[in-house]
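Numbering starts at 1 and runs along the sequence shown.
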Amino acid sequence: MKRLQRAFGYYLDQGLWDEVADLFTADASLEVALDGVFTGRDRIRRFFYELGQGRRGLSYGELHECLQVQPVVHITADGACAKGRWRALILCGRQGERASWAEGPYENEYRCDQGIWKISRLHWYQTFQVPYEGGWAGNIDATGGTRVSGTLRPDAEPTERYDVWPGVYTPAFHYTSAGAWGNDEIDPAADEPALAALERRTLRLEDAAAIENLIGAYGYFLDKQQWDRLVELFAADGSMEVSLRGVYVGRRSIRRALELFGPQGIQPGYLHNHLQLQPVIHIAADGRRAWARSRALSQLGTYQGTALWHGGIYECEFVKVAGVWKYKHDHIYTTYFADYERGWAHGARAAPKPSDAIPPDLPPTEQYDVFPGRYVPPFHYPHPVTGMRISAVTGHAPAQETALAALGTHSPAATIRTTTKQTVHAVAALQRLEDVHSIEILQRTYGYLIDKGLCAEATELFSANGTIEIAGLGRFVGRERILEYLTGHCSQGGAPGGLFEFMQLQSIITVADDGSTASGRWRWFLQSARYGEKASWGLGILENEYVKADGVWRIWRIEAHPRLSASYAGGWLQPAIDDPATPTAPAPDLTPAHPASPYPQPFSPPCRFVHPVTGQLPAGSTSASNQPRTPRS
């Protein structure tokens with residue numbers, strides 16, 4: 001279902017409306033903002049063609065980036081249906097004319113139809129759509145939540161009425177417990193083919209989780225220009241192709257290429273915030289190769305110098321070497337570069353070409369136009385429902401086509417011999433995967449609750465002795481004090497004219513061997529405002545710990561390291577505006593263990609996850625192992 005929803009976003013990006021509609025069941029329903037309900041796949045297809053003004057694909061100068069992030073997915077006990085809450089972050093516009101932001105949550109339903117997951121109900125709630133110029137503090141949502149209903153009559157009226165920005169609305173959650181996640185018992189007396197299938201499927205899920213961690217670590221190392229750590233993510237014969245700079249082959253050459261982005265180590269006054277989002281991962285049938293499509297959203301710049309937005313699509317290949325996943329081919333296609341001040345309506349920039357100072361080993365494998373031009377990077381995977389190749393895409397390498405023909409198939413069970421030890425491993429691995437999934441639900445739910453000022457509900461996600469520490473401010477201990485802090489600092493999202501969109505992204509989660517504690521690194525991306533007054537950005541890192549009691553995961557510790565707090569008007573070109581100790585924040589219980597180091601200072605928060613390839617902690621780490629600490633009373 002994560003593949004399905006993320007594929008939906010990638011097709012929306014490019015205006016591939018037929019591919020979008022084919023993701024739905026025949027009797028599905030679609031409800032986008034306040035346009036009403038469209039029922040059946042044909043009507044859904046017509047809705048999207050109306051959205052695209054009757055044509056397939058984007059036109060020259062058009063941008064339509066539809067990020068699908070922060071999933072919370074629950075499957076019914078019979079495995080036939082599911083529900084999911086997601087968030088859409090949308091950057092859209094036309095070169096020389098307009099640019100706008102849009103944002104809002106989904107509450108969707110899915111159904112397994114003859115072994116294939118499809119969308120049975122999609123409902124997107126519009127929080128805002130506002131012009132880039134002036135942002136969400138200086139503009140109301142003039143769309144009124146409608147896009148096509150003026151020209152295409154819906155099949156039914158909207159199921160809910162609400163006010164878009166600066167109005168406030170909290171869509172109902174499809175779930176009530178963020179921490180509980182059911183675990184099916186595995187029968188140790190089950191027959192050998194069943195156990196072999198269990199082991200095989202669990203291994204594929206472990207592979208996908210390892211690759212998602214690899215992608216996340218890549219982004220974190222890129223942020224801090226930790227080139228030596230980043231290059232270790234590659235196989236010895238790996239390659240890197242960034243935008244139109246050409247191809248660098250082998251670790252030594254890749255390490256040389258990384259100097260194009262600056263010297264080793266983040267420098268004062270430099271911002272290189274590189275979000276890795278929306279991975280669609282497939283593992284080859286032999287378990288030795290894999291491919292992933294993912295998205296980059298970057299905030300780049302130098303203090304009082306330049307400030308840029310960057311967006312792009314990765315299509316990468318991975319290889320398993322001695323049981324460890326590594327990058328084989330890293331390829332990012334630039335979608336756009338844009339000046340912060342002028343946005344993507346007037347500030348589009350060209351993609352960089354091959355460097356004379358650090359020349360590539362090979363020329364670019366593809367030539368294409370970046371925004372305002374249009375290009376669809378080739379999809380490594382077929383349509384997740386129809387199984388067809390995307391007609392807008394050509395040019396896959398034959399070897400890759402051959403390998404991908406085997407995706408989704410399994411070796412015959414009779415060829416695999418299971419043992420009691422293998423069965424125990426498979427069950428333990430499945431439990432770890434379910435634990436990670438539960439922690440993802442827990443932390444993402446925290447973000448959704450904070451969004452709407454539901455501070456009391458967010459506090460209930462903590463253990464009784466939980467803490468929040470804000471670097472440079474201090475630590476709040478226990479639920480009562482956590483509630484006091486959240487109410488003073490984060491409640492504006494629930495008030496009319498208040499915005500506090502607190503996205504929880506790019507997780508790397510490690511569960512302890514005993515399964516009772518865990519640690520997790522997250523990235524936050526914050527859009528906040530008071531309508532008619534000011535709007536601001538917030539970027540930072542969370543280093544969290546979790547504890548499991550009575551089968552339910554709770555947050556034990558949140559450690560927040562702000563990277564940027566700046567006005568929307570000035571962005572990261574101008575001085576930061578907010579100190580972590582905001583006027584409404586109460587005094588902490590304990591002094592901070594970590595100083596604040598927001599932009600334009602260099603920023604290197606503690607890193608508590610092991611390197612996904614070498615297994616090593618970063619130099620200077622205070623922890624002797626990657627095992628999360630035991631909570632103290």
Side-chain angles (χ1 to χ4, degrees), residues 1-2 4-13 15-54 64 66-74 76 81-90 92 100-111 113 117-130 141-165 167-175 385 448 451-452 501:
M1 276 166 288
K2 290 179 179 177
L4 181 70
Q5 188 70 34
R6 289 165 176 163
F8 170 84
Y10 286 125
Y11 299 152
L12 279 181
D13 283 356
L16 301 177
W17 312 129
D18 293 314
E19 286 75 8
V20 168
D22 287 340
L23 298 173
F24 289 78
T25 60
D27 60 348
S29 69
L30 173 80
E31 186 170 359
V32 174
L34 296 170
D35 264 326
V37 182
F38 294 81
T39 304
R41 191 184 296 138
D42 290 341
R43 288 286 287 162
I44 291 170
R45 191 185 313 274
R46 188 172 175 189
F47 170 92
F48 283 111
Y49 266 99
E50 189 71 20
L51 189 68
Q53 300 178 328
H64 195 238
C66 298
L67 286 67
Q68 310 287 296
V69 298
Q70 207 171 328
V72 174
V73 180
H74 292 89
T76 57
C81 300
K83 294 184 178 183
R85 193 180 188 95
W86 293 73
R87 187 194 300 274
L89 176 64
I90 302 170
C92 53
S100 61
W101 293 102
E103 195 276 340
Y106 296 91
E107 273 289 346
N108 296 347
E109 297 180 15
Y110 308 89
R111 189 165 70 234
D113 183 3
W117 283 99
K118 301 177 184 179
I119 302 169
S120 58
R121 179 175 180 265
L122 186 144
H123 191 170
W124 183 65
Y125 297 82
Q126 184 167 312
T127 303
F128 63 79
Q129 179 167 334
V130 295
D141 186 338
T143 71
T146 61
R147 286 169 171 73
V148 307
S149 51
T151 54
L152 179 66
R153 186 177 180 84
D155 300 309
E157 292 297 307
T159 58
E160 298 173 60
R161 293 285 184 180
Y162 55 90
D163 292 330
V164 296
W165 176 254
V168 173
Y169 185 69
T170 304
F173 288 75
H174 72 262
Y175 58 101
V385 172
Y448 282 125
D451 279 358
K452 302 305 179 184
E501 301 295 280

Begin from the C-alpha positions of Glu107 and His174 and carry the test side chain to side chain donor-acceptor pair (under 3.5 Å) through to its verdict. CA-CA 7 Å; Glu107 273 289 346; His174 72 262; 2.9 Å; yes
If you measure from CD on Glu501 to OH on Tyr448, what distance do you get to the nearest 0.5 Å? 10.0 Å
Check: Thr146 side chain, Ser149 main-chain N or O, donor-acceptor pair, under 3.5 Å: no
Smallest heavy-atom separation, Gly145 atom then Ala33 atom, equals O-CB, 3.1 Å
Under a 4.0 Å threshold between the charged nitrogen and the carboxylate oxygen, would Arg121 count as salt-bridged to Asp27? no
Taking the side chain as C-beta and beyond, is there a heavy-atom pair between Phe8 and Val20 under 4.5 Å? yes
Under the criterion side chain to side chain donor-acceptor pair (under 3.5 Å), I'd like the reasoning laid out for Tyr11 against Asp18: C-alpha separation, chi angles, the key distance, then a yes or no. CA-CA 9 Å; Tyr11 299 152; Asp18 293 314; over 6 Å; no
To the nearest 0.5 Å, how far apart are CG in Asp163 and OG1 in Thr127? 12.5 Å
Return the minimal non-hydrogen interatomic distance between Gly9 and Gln68, and the atom names on each side. CA-CG, 3.6 Å
For residues Met1 and Ala82, report the shortest heavy-atom separation together with the two atoms involved. SD-CB, 3.1 Å
Below 4.5 Å, heavy atoms only, C-beta onward: do Arg41 and Arg46 meet side chain to side chain? no
Within a strict 4.5 Å, meaning less than it, do heavy atoms of the Tyr162 and Leu34 side chains meet? yes
Can you tell me if Asp155 uses its side chain to pair, donor with acceptor, with the backbone of Thr39 under 3.5 Å? yes
Is it true that a side-chain atom of His64 and a backbone atom of Leu12 form a donor plus acceptor pair closer than 3.5 Å? yes
Distance check, rounded to the nearest 0.5 Å: Ser29 atom OG versus Ile44 atom CD1? 6.5 Å
Only residue of Glu160, Arg161, Lys452 satisfying side-chain hydrogen bond (donor to acceptor under 3.5 Å, both in side chains) with Tyr169 is Glu160
Go through Ile90 and Gln129 one step at a time and tell me if the side chain to side chain contact (heavy atoms under 4.5 Å, CB included) criterion holds. CA-CA 9 Å; Ile90 302 170; Gln129 179 167 334; over 6 Å; no
Any non-hydrogen side-chain atom of Thr25 less than 4.5 Å from a side-chain atom of Ser120? yes
Between Lys118 and Asp22 (salt bridge meaning N to carboxylate O under 4.0 Å), is one present in this structure? no
Could you give the distance from CG (Leu4) to CH2 (Trp117), rounded to the nearest 0.5 Å? 9.5 Å
Value for CG (Leu122) from CZ (Phe38), rounded to nearest 0.5 Å, stands at 13.0 Å
Heavy atoms, side chains only, cut-off 4.5 Å: are Leu152 and Arg43 in contact? yes
Determine whether Arg87 and Asp451 make a side-chain contact, defined as any pair of heavy atoms from C-beta on separated by less than 4.5 Å. yes
Report yes if the side chains of Trp86 and Gln70 come closer than 4.5 Å at any heavy-atom pair, otherwise no. no
Taking the six-membered ring of Phe173 (Phe, Tyr or Trp), confirm whether the NZ or CZ of Arg85 is under 6.0 Å from its centre and within 45° of its axis. yes
State whether the side chain of Asp141 and the backbone N or O of Val164 hold a donor-acceptor pair below 3.5 Å, judged by distance alone. no
How close do Tyr110 and Gly84 get, heavy atom to heavy atom, and via which atoms? CE1-N, 3.8 Å
Are the charged groups of Arg147 and Glu50 less than 4.0 angstrom apart, N to O? no
Using a 4.5 Å cut-off on heavy atoms from C-beta on, say whether the side chain of Val32 contacts that of Gln126. no
Would you call the rings of Phe48 and Trp17 parallel, tilted or perpendicular if under 30° counts as parallel and over 60° as perpendicular? parallel
The salt bridge (charged side-chain N to carboxylate O under 4.0 Å, His left out) partners of Lys83 (sequence neighbours excluded) come to none
Looking at Tyr10 and Leu67, would you say the former's side chain and the latter's main chain have a donor-acceptor pair under 3.5 Å? no
Minimum-distance pair of heavy atoms, taken over all atoms of Val37 and Glu31: CG2-OE1, 3.6 Å
Parallel, tilted or perpendicular: which fits the ring planes of Tyr106 and Trp124, with parallel below 30° and perpendicular above 60°? tilted
